[in-house]
Amino acid sequence: AQSVTQPDIHITVSEGASLELRCNYSYGATPYLFWYVQSPGQGLQLLLKYFSGDTLVQGIKGFEAEFKRSQSSFNLRKPSVHWSDAAEYFCAVGAGSYNTDKLIFGTGTRLQVFP
Amino acid sequence: GAVVSQHPSRVICKSGTSVKIECRSLDFQATTMFWYRQFPKQSLMLMATSNEGSKATYEQGVEKDKFLINHASLTLSTLTVTSAHPEDSSFYICSARGSGVFGPGTRLTVL
């Protein structure tokens, strides 16, 4: 069955430090992968997505993610974190016949940023 | 880009009442929309798939008679929580197929 694992429940970094949020997926076919960010009490904002092609994907707000099929991973990175990046981050895989069908979400990683 | 709206953003109701939540695609047509539920401090779980002009399909464990879905037009899907109880209190969020975009969500609190 399809699944997404985000091993880190909570990460704390200092402002200006680099960031990497881990995501591993289990999916039989070519996965459609997404990263979303959610601020408290808010909806989801799409940061980036991977469907095919270049395995290094650029997103909004300076985020990027790299798809590594051999490791079944899709880690999110940012070279320099800003205090406004503090939020909950969700990795998801599209598990249906269409690329954004039936997203299966990981449990999320809460990012805390210290000044 | 694609925009999905939801109304209301927040609703508080008494136990036993029914609550309707709307999900609209603002600048595109969405023949299929998805409804998710997020309990506090948890991830999102797909509840059902809403199909314009046909019956919704529900995920395992979701009561179709409790969560009524109507997709009457190409831009509007509604979720009605019937006879709501406190355990139905949650964050309900929709998305439109093909967009990867989610609505802002509806916070339901049942007293």
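Chain A is the first sequence line, chain B the second, and so forth, proteins listed ahead of strands; every chain is numbered from 1. The analysis underlying the following values was restricted to heavy atoms, covering all of them including side chains, and did not include hydrogens, waters or symmetry mates.
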Working for side chain to side chain contact (heavy atoms under 4.5 Å, CB included), residues Q38(A) and F102(B): CA-CA 11 Å; Q38(A) 184 180 37; F102(B) 282 77; over 6 Å; no

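Counted within 6.0 Å of CD1 on I9(A), heavy atoms from surrounding residues, nucleotides or ligands total 12 or fewer; the atom is thus considered open. When the shell of 6.0 Å around NZ of K66(B) is examined, it contains more than 12 heavy atoms from other residues, nucleotides or ligands. Heavy-atom neighbours of H85(B) NE2 from other residues, nucleotides or ligands within 6.0 Å: above the threshold of 12. Within a 6.0 Å radius of CZ in R77(A), other residues, nucleotides and ligands contribute more than 12 heavy atoms.
At distances below 3.5 Å, not a single donor-acceptor pair connects side-chain atoms of S43(B) with backbone N or O atoms of G108(A).
Contact count versus chain A (heavy atoms, under 4.5 Å) is highest, among L44(B), T106(B), T49(B), L46(B), for L44(B). Heavy-atom pairs under 4.5 Å with chain B were tallied for G41(A), G43(A), A92(A); the largest tally goes to G43(A).
One hydrophobic cluster, built from ILVMFWY side chains closer than 4.5 Å, cannot hold both Y58(B) and I93(B); they sit in different ones. Criterion: ILVMFWY side-chain heavy atoms under 4.5 Å apart, direct or through other members. Under it, L48(A) and V81(A) are part of a common hydrophobic cluster.
Looking at Q6(B), neither its backbone nor its side chain comes within 4.5 Å of chain A, counting heavy atoms on both sides. The contact between L44(A) and chain B is made by backbone and side chain atoms together, counting heavy-atom distances below 4.5 Å.
Side-chain contact between F90(A) and Q38(B): present, with at least one pair of heavy atoms (C-beta onward) separated by less than 4.5 Å. A 4.5 Å side-chain heavy-atom check between L103(A) and F34(B) finds every atom pair outside the cut-off.
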